[in-house]
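Taking it in order: structure first as structure tokens, then the write-up.
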Amino acid sequence: DAKTTQPPSMDCAEGRAANLPCNHSTISGNEYVYWYRQIHSQGPQYIIHGLKNNETNEMASLIITEDRKSSTLILPHATLRDTAVYYCTGGGNQFYFGTGTSLTVIP
Amino acid sequence: GAVVSQHPSWVICKSGTSVKIECRSLDFQATTMFWYRQFPKQSLMLMATSNEGSKATYEQGVEKDKFLINHASLTLSTLTVTSAHPEDSSFYICSARDDRGPYEQYFGPGTRLTVT
């Protein structure tokens, strides 16, 4: 099973970019990386996913290393509403969530 | 965007009773839905995969006779917690994937179950 490793917590100043890393060194070549976030006491929210190329949508950017062993989720201009737990999941095991990164955006 | 609803959003029941939680995909069809459980300050734990028209697939350690799953249509899956006990108190979350792809999950808002 593909497993992921994320730092337990991070702080980011409001308006600055938040860069959240994820290690998924066991991911297989055809497996996607998915990112979700969960605001307290709510269901998780899909953010973005990618396979090999970097991806961008209205919420975030996803940078995947060439060897695909790690990725970084970028929130370009963090707001207080981005305070949440962010999960990356690997490949076919996008249903197995690790402990995630608790991001706190500071005013 | 894809929307998944859950009902009820919270429920309190007495020990020994059963509780049914509904999960609906509102604007897409979902052959496959998923049920998770989340305890306070912990991550989501996958309980089972719900397949329309067939039996659910349960994760190791999840009692299928206690957590009954029915996926009777392409937009509705239900989870019934039978003979609930206080240790079943948790936050139950469903998710669904659009049959048309791509295959990210869309989550419901969750159901807070408290068993007294």
Side-chain angles (χ1 to χ4, degrees), chain A residues 1-9 20 22 24 27-28 30-53 55-60 62 64 71 73 83-104, chain B residues 1-10 21-26 28 30 32-51 56-62 79 89-98 101-114:
Chain A
D1 293 350
K3 299 188 184 301
T4 60
T5 304
Q6 298 176 255
S9 64
L20 295 97
C22 177
H24 35 78
I27 197 170
S28 298
N30 61 349
E31 294 178 333
Y32 285 81
V33 176
Y34 295 85
W35 281 82
Y36 298 89
R37 72 180 182 185
Q38 185 178 26
I39 297 172
H40 183 62
S41 296
Q42 297 182 23
Q45 175 189 26
Y46 164 76
I47 301 173
I48 198 167
H49 72 282
L51 181 62
K52 296 181 180 178
N53 300 321
E55 302 288 345
T56 296
N57 62 21
E58 64 278 5
M59 291 184 66
L62 176 60
I64 302 174
S71 62
L73 179 74
T83 292
V85 178
Y86 288 76
Y87 298 98
C88 72
T89 67
N93 293 309
Q94 64 159 313
F95 316 103
Y96 299 99
F97 286 71
T99 53
T101 295
S102 178
L103 174 69
T104 302
Chain B
V3 179
V4 175
S5 70
Q6 273 185 250
H7 179 80
S9 56
W10 61 270
I21 303 170
E22 293 186 348
C23 177
R24 295 182 185 273
S25 56
L26 298 185
F28 64 96
T32 307
M33 294 185 177
F34 307 90
W35 287 96
Y36 294 83
R37 182 168 53 181
Q38 186 175 36
F39 293 107
K41 298 189 183 301
Q42 295 188 21
S43 185
L44 288 78
M45 185 189 76
L46 180 67
M47 298 175 66
T49 301
S50 172
N51 301 296
T57 303
Y58 290 83
E59 295 297 301
Q60 189 173 9
V62 178
L79 169 69
S89 297
S90 187
F91 191 48
Y92 292 87
I93 310 168
C94 72
S95 72
R97 294 192 305 186
D98 192 326
Y103 298 110
E104 65 271 22
Q105 299 178 77
Y106 294 97
F107 288 85
T111 296
R112 177 78 57 192
L113 170 64
T114 302

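In the text below, chain A, chain B and the rest are named by the order of the sequence lines, each starting its count at 1.
In this structure, B/Ser43 and A/Thr99 approach most closely via the heavy-atom pair CB-CA, 4.3 Å. A/Gln38 and B/Phe91 make their closest contact through NE2-CE2, 4.2 Å (heavy atoms, listed as atom of the first residue, atom of the second, distance).
Residue contact with chain A, scored on non-hydrogen atoms closer than 4.5 Å, involves the side chain of B/Ile93 exclusively. Heavy atoms closer than 4.5 Å to chain B are found in both the backbone and the side chain of A/Ser41. B/Glu59 touches chain A through its side chain: at least one heavy atom from C-beta onward sits under 4.5 Å away, while N, CA, C and O do not.
In this structure, the side chains of A/Tyr36 and B/Gln105 come closer than 4.5 Å at one or more pairs of heavy atoms. For the pair A/Ile48/B/Glu104, no side-chain contact is recorded, criterion being any heavy-atom separation below 4.5 Å from C-beta on. B/Tyr36 has its side chain within reach of A/Phe97: a pair of non-hydrogen atoms, C-beta onward, lies under 4.5 Å apart. The shortest side-chain heavy-atom distance between B/Lys41 and A/Val85 does not fall under the 4.5 Å cut-off.
Taking chain A as the reference chain and counting heavy-atom pairs below 4.5 Å, the highest number among B/Arg112, B/Gln38, B/Met45 is found for B/Gln38.
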